[in-house]
Asks: 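Have a look at the structure that comes next, please.
The chain is numbered in sequence order, starting from 1.
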Amino acid sequence: MKAWPPAFFLLVLMTACSTPKTLQKSFPTRIVDLHAETYQSGVQEMGKTVSVHFTTAEALPAKTSLTKAIYQGNEAQIEKQSDQNYKITFNLPYNEKGASQKQDPLKELPFSLDPNEILLIYIEQGKTKYYKARLDPKNLSSDKPM
């Protein structure tokens, strides 16, 4: 009988432990409001800040926690304001091409985002999950001075 090479067992172990990174079709609770405010620095090289606020219909279920979000190639932590209100602050850097010079956090994920989409990353019963939320352009304020 032929013995299996050690690399085979390592491959099986790595495959069994990884979870697929797929988008969820629904969020754990309904998002009733999602809007953003953009603040432009007085100095162009400082970039701009996008403050995203969202409200859910009810509190998140037990064993569910929001961790971070991705917007326009930038990653930020999700801050819980109350049981149903959340805030995400993105500091978008400036460069001459208008894109971030940082490494793209979506590089490791098998999906992309449109310019008005935010990827909400959360943990539900120990599993990391991903949900795309779309900002309505009507709910995206124009640049305000900081």
Side-chain angles (χ1 to χ4, degrees), residues 7-146:
F8 173 77
F9 291 110
L10 182 61
L11 179 64
V12 169
L13 181 62
M14 287 173 49
T15 305
C17 293
S18 68
T19 57
K21 296 176 179 174
T22 58
L23 287 172
Q24 302 301 305
K25 293 183 182 189
S26 62
F27 196 63
T29 182
R30 188 169 54 89
I31 296 175
V32 294
D33 180 43
L34 174 67
H35 66 276
E37 297 171 340
T38 304
Y39 300 93
Q40 184 67 47
S41 171
V43 179
Q44 185 176 10
E45 291 78 20
M46 302 263 316
K48 64 181 175 180
T49 299
V50 177
S51 183
V52 177
H53 303 269
F54 68 97
T55 304
T56 58
E58 59 266 341
L60 289 173
K63 298 186 181 182
T64 301
S65 61
L66 297 172
T67 58
K68 56 188 170 181
I70 298 173
Y71 176 65
Q72 295 186 358
N74 293 273
E75 189 174 88
Q77 297 298 311
I78 300 174
E79 302 171 38
K80 183 176 182 179
Q81 304 288 299
S82 69
D83 281 346
Q84 295 171 252
N85 294 297
Y86 301 88
K87 179 182 177 184
I88 312 160
T89 303
F90 295 96
N91 294 310
L92 305 181
Y94 168 81
N95 69 42
E96 291 181 13
K97 296 178 185 174
S100 172
Q101 294 289 336
K102 299 187 307 183
Q103 184 175 4
D104 186 1
L106 287 172
K107 185 177 180 181
E108 304 294 321
L109 300 173
F111 36 82
S112 61
L113 294 175
D114 291 337
N116 286 340
E117 289 180 326
I118 296 175
L119 183 68
L120 301 175
I121 303 170
Y122 61 99
I123 298 173
E124 187 174 58
Q125 297 183 351
K127 295 180 183 177
T128 302
K129 297 189 175 184
Y130 306 88
Y131 178 75
K132 278 186 189 181
R134 178 172 288 279
L135 275 169
D136 185 337
K138 291 181 271 183
N139 291 335
L140 183 60
S141 73
S142 58
D143 291 350
K144 298 177 184 176
M146 288 181 98

Asks: Where do Y122 and P28 come nearest, in terms of heavy atoms and distance?
Replies: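 Heavy atoms of Y122 and P28 come nearest at CE1-CG, 3.5 Å.
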Asks: I need the minimum non-hydrogen distance between A57 and T29, along with the two atoms involved.
Replies: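 Scanning both residues completely, I find the closest heavy atoms to be N-OG1, 4.1 Å.
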Asks: So, the side chain of K132 versus the backbone of S112: is there a donor-acceptor pair under 3.5 Å, distance only?
Replies: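 Checking the backbone N and O of S112 against the side chain of K132, a donor-acceptor pair under 3.5 Å is found.
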Asks: Closest approach of K21 and P110, non-hydrogen atoms and distance?
Replies: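 Nearest pair, atom of K21 first, then P110: O-CG, 3.0 Å.
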Asks: Under 4.5 Å between any side-chain heavy atoms of L109 and L119, yes or no?
Replies: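 Touching, per the 4.5 Å side-chain cut-off.
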Asks: Are D114 and R134 within salt-bridge range, i.e. N to O under 4.0 Å?
Replies: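 Result for this pair is yes, salt bridge flagged.
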Asks: With rounding to the nearest 0.5 angstrom, report the CD to OG1 distance, E58 to T56.
Replies: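 Spacing of CD (E58) from OG1 (T56) equals 6.5 Å.
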Asks: Do I88 and Y71 have side chains that approach each other closer than 4.5 Å (heavy atoms only, starting at C-beta)?
Replies: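 With C-beta onward as the side chain, the pair stays apart.
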Asks: State the NE2-NE2 distance between H35 and H53, to the nearest 0.5 angstrom.
Replies: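 Here the rounded value is 5.0 Å.
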Asks: Would you indicate whether the side-chain heavy atoms of N91 and N74 approach each other to under 4.5 Å?
Replies: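 No, side chains not in contact.
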Asks: Side chains of I118 and L113: closer than 4.5 Å at any heavy-atom pair?
Replies: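 Not in contact.
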Asks: Taking the inter-plane angle between the rings of F54 and Y86 on a 0 to 90° scale, is it parallel (under 30°), tilted (30 to 60°) or perpendicular (over 60°)?
Replies: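 F54 vs Y86 ring planes: parallel.
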Asks: Locate the shortest heavy-atom distance separating T89 from A76; write the atom from each residue and the value.
Replies: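 Closest approach of T89 to A76, heavy atoms only: O-CB, 3.2 Å.
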Asks: Tell me, do F27 and L60 make a side-chain contact under 4.5 Å, heavy atoms counted?
Replies: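 F27 vs L60: side chains touch.
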Asks: Rounded at 0.5 Å granularity, tell me how far CZ in F111 sits from OG1 in T22.
Replies: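 Rounded to the nearest 0.5 Å, the CZ-OG1 separation comes to 7.5 Å.
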Asks: Mind checking the CG-NZ spacing from L120 to K68? Nearest 0.5 Å is all I need.
Replies: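 Reported value, rounded in 0.5 Å steps: 12.5 Å.
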Asks: Calculate, to the nearest 0.5 Å, the distance between atoms CG and CD belonging to N85 and E79 respectively.
Replies: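 That separation rounds to 12.5 Å.
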Asks: Would Y39 and E37 satisfy side chain to side chain donor-acceptor pair (under 3.5 Å), going step by step from the backbone distance to the final call?
Replies: CA-CA 7 Å; Y39 300 93; E37 297 171 340; 2.6 Å; yes
Asks: Nearest 0.5 Å please: distance from the OG1 atom of T55 over to the CG atom of D83.
Replies: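 Answer rounded to 0.5 Å: 12.0 Å.
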